Amino acid sequence: MKIVADENMPYVEALFADLGEVVMVDGRTLTQAQVKDADVLLVRSVTKVNKSLLDGCDRLKFVGSATIGMDHLDLDYLKQRGIFCTNAPGCNAVAVGEYVFNAMLELARRFHSPLKGKTVGIVGAGNTGTALQKCLEAYGVKTLLNDPLLEQSGDDREFVSLDELVERCDVISLHVPLTRDGEHPTHYLFDKARLNALAEDTWLLNCCRGEVIDNRALIEVKQQRSDLKLVLDVWEGEPLPLPELVPLVEIATPHIAGYSLEGKARGTFMLYQALMAQLGKQVDKSLSSLLPPLWSHQLSPLSVPDEKALLCLVRLVYDLRDDDELFRQRFQNDKGFDLMRKNHKHRREFSALMLANTAGSDVDWLFELGFSGVGL
Ligand SMILES: NC(=O)c1ccc[n+]([C@@H]2O[C@H](COP(=O)([O-])OP(=O)(O)OC[C@H]3O[C@@H](n4cnc5c(N)ncnc54)[C@H](O)[C@@H]3O)[C@@H](O)[C@H]2O)c1
Ligand SMILES: O=C(O)[C@H](O)[C@H](O)COP(=O)(O)O
């Protein structure tokens, strides 16, 4: 069996080498010739899997994407060809939730405007939106949710309309798939009119897909409104964001919100499980055996952290300012965006940090936030 896999997918050798020949490729530039004799194709979001890539790939039986987004996959074509296709929903939800929470704490510190006390609107309350909601609720921040599809499906959380969310929230974070059809398309969901409707001093964060915001309109609006604060991890036209937009953004990163070591490993492992099921084989490897152990050092908070101390704790796990700085230096270099993603130093999730000696102190909410506790 020949398995062709994106080189930005960790643990492929460890999980798939028993099953056949593994060939690692650059997913962005993958060609038909490289996939021609593959039985299994493992991709990330940068590979468009469609007729022009797969025409003539007669042996292909399995396509797996180690992502939640599926907008790069031509599902109708794959179905028509009878090629099994799967993705990895939820694999990077914690990573995205923690990235966004982290970014909000950074904005709060930079603009002397505490996160505690604000109302945060979450547009799209699926895996990543819910992970963010969990962090915010652990910290005691009020959230409003907008998700017409979940609302219609009977999800028992409380939902509001997008107009109401925009009107009532101090902070808005986007967590929807990129869709162009159906009753609730998300392409340019934040167009010029909606951007203009944002309340004064709104913080707008986008970690889902660049095209959910009209980026040209965003430039125009932001040039008129210095009160708006932006965090963008995703960009229209990736890997070439509009260069005028980057300096207008407070925190700018190259589509790495989901790039925790745990998140990427979960993505590969979910594809391994799916392929084993397709082959009728037993899963004989475990995710925990692949991941490095939790950090051996433990931290003993002496008192309940205030927002500044919480940010220090969060920065200890992942200092978002490093990626922001690097991105500004490199995004215009040849392949700068993709190289930064390829060489991204895997960050851990909050759970890698063990908090000790917390008995008796009022810090249970830190465990709700995701940190590990000795003996928990
Ligand atoms: N930056 C990153 O690294 C990164 C990582 C993970 C996911 N993503 C992107 O974020 C998206 C969301 O990820 P997820 O794991 O939460 O997906 P998910 O499918 O679990 O949740 C998406 C939610 O959005 C809702 N939705 C769809 N259309 C909507 C609309 N018009 N208005 C409001 N809600 C709507 C859906 O009902 C669903 O509940 C993915 O599709 C992917 O494109 C980016
Ligand atoms: O849809 C997702 O899950 C993420 O956007 C995706 O994982 C980002 O990483 P990539 O697949 O582009 O490496």
Side-chain angles (χ1 to χ4, degrees), residues 5-10 26-28 42-49 64-73 87-100 103 121-134 144-155 157 159-166 172-190 194 205-212 231-235 238-239 251-260 263-268 270-271 323 337-338 340-344 346-347:
D6 187 307
E7 62 196 4
N8 287 351
M9 210 181 284
D26 176 344
R28 179 86 71 188
L42 306 177
V43 296
R44 305 199 61 88
S45 73
V46 296
T47 305
K48 300 241 176 298
V49 181
S65 180
T67 61
I68 170 64
M70 296 187 89
D71 44 292
H72 53 298
L73 309 173
N87 67 333
C91 65
N92 46 24
V94 171
V96 174
E98 291 184 358
Y99 171 106
V100 176
I122 299 175
V123 182
N127 286 297
T128 62
T130 301
L132 172 63
Q133 183 190 23
K134 189 168 159 268
L144 291 183
L145 304 180
N146 166 256
D147 192 322
L149 290 117
L150 283 184
E151 189 175 11
Q152 280 158 19
S153 78
D155 188 312
R157 290 175 290 179
F159 295 95
V160 297
S161 71
L162 186 53
D163 287 342
E164 183 179 347
L165 181 144
V166 166
I172 298 173
S173 188
L174 309 183
H175 297 272
V176 293
L178 176 62
T179 53
R180 290 182 164 81
D181 313 305
E183 217 184 319
H184 303 285
T186 61
H187 183 261
Y188 285 180
L189 187 62
F190 279 67
R194 184 140 3 242
L205 299 92
N206 188 8
C207 286
C208 58
R209 284 292 182 265
E211 292 81 357
V212 174
V231 173
L232 297 185
D233 177 57
V234 290
W235 309 81
E238 288 179 21
I251 297 175
T253 50
H255 199 149
I256 46 83
Y259 274 22
S260 65
K264 274 194 149 183
R266 273 183 221 114
T268 314
M270 287 166 83
L271 300 188
D323 278 338
F337 192 97
D338 279 345
M340 199 176 150
R341 304 187 83 214
K342 182 174 174 177
N343 301 325
H344 191 256
H346 287 309
R347 69 178 216 249

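Both counts, for ligands and for their atoms, begin at 1 and track the order of listing. What you see is a predicted model, and the numbers here were worked out from it, not measured in a lab. Quick note: residue numbers are just sequence positions, from 1.
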(request) Would you mind telling me if ligand 1 is within reach of the side chain of Thr128, the backbone, both or neither, using heavy atoms under 4.0 Å? (result) both

(request) Please report the C-alpha distance between Asp155 and Asp147 in whole Å, then the side-chain angles of each, then the deciding distance to 0.1 Å, and finally whether the side chain to side chain contact (heavy atoms under 4.5 Å, CB included) criterion is met. (result) CA-CA 10 Å; Asp155 188 312; Asp147 192 322; over 6 Å; no

(request) Would you please determine whether Arg341 falls within less than 4.0 Å of ligand 2 on a heavy-atom basis? (result) yes

(message) Looking only at protein heavy atoms, which one is nearest to atom 27 (C) of ligand 1, and what is the separation?
(response) Leu149 CD1, 3.3 Å

(request) Kindly say whether His255 contributes a backbone atom to a donor-acceptor pair with the side chain of Arg341 at under 3.5 angstrom? (result) yes

(message) Quick check on Pro148 - does any of its heavy atoms sit under 4.0 Å from an atom of ligand 1?
(response) yes

(message) Is the contact between Asn92 and ligand 1 made by the side chain, the backbone, both, or neither, using heavy atoms and a 4.0 Å cut-off?
(response) side chain

(message) Tell me whether Asn343 at atom CG has more than 12 heavy atoms from other residues, nucleotides or ligands lying less than 6.0 Å away.
(response) yes

(request) Spell out, as yes or no, whether a donor-acceptor pair under 3.5 Å connects the side chain of Lys134 to the backbone of Val94. (result) no

(request) Considering the heavy atoms of Tyr259, write down every atom of ligand 2 situated less than 4.0 Å from one of them. (result) 9 (O), 10 (P), 13 (O)

(request) Determine whether the side chain, the backbone, both or neither of Asp147 has a heavy atom under 4.0 Å from any heavy atom of ligand 1. (result) both

(message) Is it the case that ligand 2 has an N or O less than 3.5 angstrom from some N or O of Thr67?
(response) no

(request) Return the option from Ser45, Gly210, Pro185, Pro177 holding the heavy atom at the smallest distance from atom 41 (O) of ligand 1. (result) Pro177

(message) Among all protein heavy atoms in this structure, tell me which lies nearest to atom 12 (O) of ligand 2, with the distance rounded to 0.1 Å.
(response) Ser45 OG, 2.4 Å

(request) Begin from the C-alpha positions of Leu162 and Phe190 and carry the test side chain to side chain contact (heavy atoms under 4.5 Å, CB included) through to its verdict. (result) CA-CA 10 Å; Leu162 186 53; Phe190 279 67; 4.2 Å; yes

(request) Kindly identify the option in Val176, Val96, Thr253 whose heavy atom sits closest to atom 11 (C) of ligand 1. (result) Val176

(request) Would you mind reporting whether Arg28 and Lys342 have side-chain heavy atoms less than 4.5 Å apart? (result) no

(request) Between Gly126, Pro89, Gly129, flag the one that comes closest to atom 21 (O) of ligand 1 by a heavy atom. (result) Gly126

(request) Look at the side chain of Thr67 and the backbone N and O of Gly69, then say whether any donor-acceptor pair between them is shorter than 3.5 Å. (result) yes

(request) Kindly indicate, with the supporting measurements, whether the criterion side chain to side chain contact (heavy atoms under 4.5 Å, CB included) is fulfilled by Asp323 and His344. (result) CA-CA 9 Å; Asp323 278 338; His344 191 256; 2.8 Å; yes

(message) Any non-hydrogen side-chain atom of Leu145 less than 4.5 Å from a side-chain atom of Glu151?
(response) no

(message) Is it the case that ligand 1 has an N or O less than 3.5 angstrom from some N or O of Asp71?
(response) no

(request) Could you tell me if any non-hydrogen atom of Arg209 lies under 4.0 Å from any atom of ligand 2? (result) yes

(message) Once you restrict to heavy atoms under 4.0 Å, what part of Asn92 touches ligand 2? Side chain, backbone, both or neither.
(response) side chain

(message) Judged on heavy-atom distance to atom 10 (O) of ligand 1, which of Gly267, Cys208, Ala257 sits nearest?
(response) Cys208

(message) Quick check against the 3.5 Å criterion: does Asp71 have a side-chain atom that pairs as donor or acceptor with the backbone of Leu178?
(response) no

(message) Under a 4.0 angstrom heavy-atom cut-off, which atoms of ligand 1 come close to Asn146?
(response) 32 (N), 33 (C), 34 (N)

(message) Closer than 4.0 angstrom, basic N to acidic O: yes or no for Arg44 and Asp6?
(response) no

(message) Check this for me - ligand 1, Ala125, N or O atoms closer than 3.5 angstrom, yes or no?
(response) no

(request) May I ask you to decide if Leu232's main-chain N or O and Asn206's side chain share a donor-acceptor pair within less than 3.5 Å? (result) no

(message) Need the ligand 1 atom indices (1-based, order shown) with element for anything under 4.0 Å from a heavy-atom of Cys207.
(response) 1 (N), 2 (C), 4 (C), 8 (N), 44 (C)

(message) Do Met270 and Pro89 have side chains that approach each other closer than 4.5 Å (heavy atoms only, starting at C-beta)?
(response) yes

(request) Would you mind running through ligand 1 and noting each atom that sits below 4.0 Å from a heavy atom of Gly258? (result) 2 (C), 3 (O)

(message) Please classify the Thr186 to ligand 1 contact at 4.0 Å (heavy-atom distances, strictly less than): side chain, backbone, both or neither.
(response) side chain

(message) Using a 3.5 Å distance criterion without hydrogens, assess whether the side chain of Thr186 forms a donor-acceptor pair with backbone atoms of Val212.
(response) no

(message) Distance under 4.0 Å to a non-hydrogen atom of Gly69: what atoms of ligand 2 satisfy this?
(response) 1 (O), 2 (C), 3 (O)

(message) Taking 4.0 angstrom as the limit and counting only heavy atoms of His255, give me the atoms of ligand 1 inside it, by number and element.
(response) 1 (N), 2 (C), 3 (O)

(request) Do me a favour and list the nearest non-hydrogen protein atom to atom 31 (N) of ligand 1 with residue, atom name and distance? (result) His184 O, 2.9 Å

(message) Can you name the atoms of ligand 1, numbered from 1 with element, that are less than 4.0 Å from a heavy atom of Asp233?
(response) 1 (N), 2 (C), 3 (O)

(message) Regarding ligand 1, does Thr179 bring an N or O atom to under 3.5 Å of one of the ligand's N or O atoms?
(response) no

(request) Starting from atom 8 (C) of ligand 2, locate the nearest protein heavy atom and write down its residue, its atom name and how far away it is, to 0.1 Å. (result) His255 NE2, 3.2 Å

(request) For the pair Arg180 (side chain) and His187 (backbone), establish whether a donor and an acceptor sit closer than 3.5 Å, ignoring hydrogens and angles. (result) no

(message) If the cut-off is 4.0 Å to any non-hydrogen atom of Asn127, which atoms of ligand 1 fall inside it?
(response) 15 (O), 16 (O), 18 (P), 20 (O), 21 (O)

(message) With nothing but distance in play, are any N or O atoms of Val46 less than 3.5 Å from an N or O of ligand 2?
(response) no

(message) Can you name the atoms of ligand 1, numbered from 1 with element, that are less than 4.0 Å from a heavy atom of Arg209?
(response) 8 (N), 9 (C), 42 (C), 43 (O), 44 (C)

(message) Hydrogens and angles aside, do Arg157 and Thr130 bring a side-chain donor and acceptor to less than 3.5 Å of each other?
(response) yes

(request) Identify the protein heavy atom lying closest to atom 3 (O) of ligand 2, giving its residue, its atom name and the separation to 0.1 Å. (result) Ile68 N, 2.7 Å

(message) Do Leu132 and Ser173 have side chains that approach each other closer than 4.5 Å (heavy atoms only, starting at C-beta)?
(response) yes

(message) Under 4.0 Å from a heavy atom of His175: which atoms of ligand 1 are those, numbered in the order shown and with their elements?
(response) 12 (C), 16 (O), 22 (C), 23 (C), 24 (O)

(request) Only heavy atoms count here, so choose which of Ile256, Thr67, Ile68, Leu150 is nearest to atom 40 (C) of ligand 1. (result) Ile68

(message) Checking side-chain polar atoms at under 3.5 Å, does Asn87 have a donor or acceptor matched by the opposite partner on Ser65?
(response) no

(message) Main chain of Ala95, side chain of Arg347: is a donor-acceptor contact present, judged purely on distance under 3.5 Å?
(response) yes

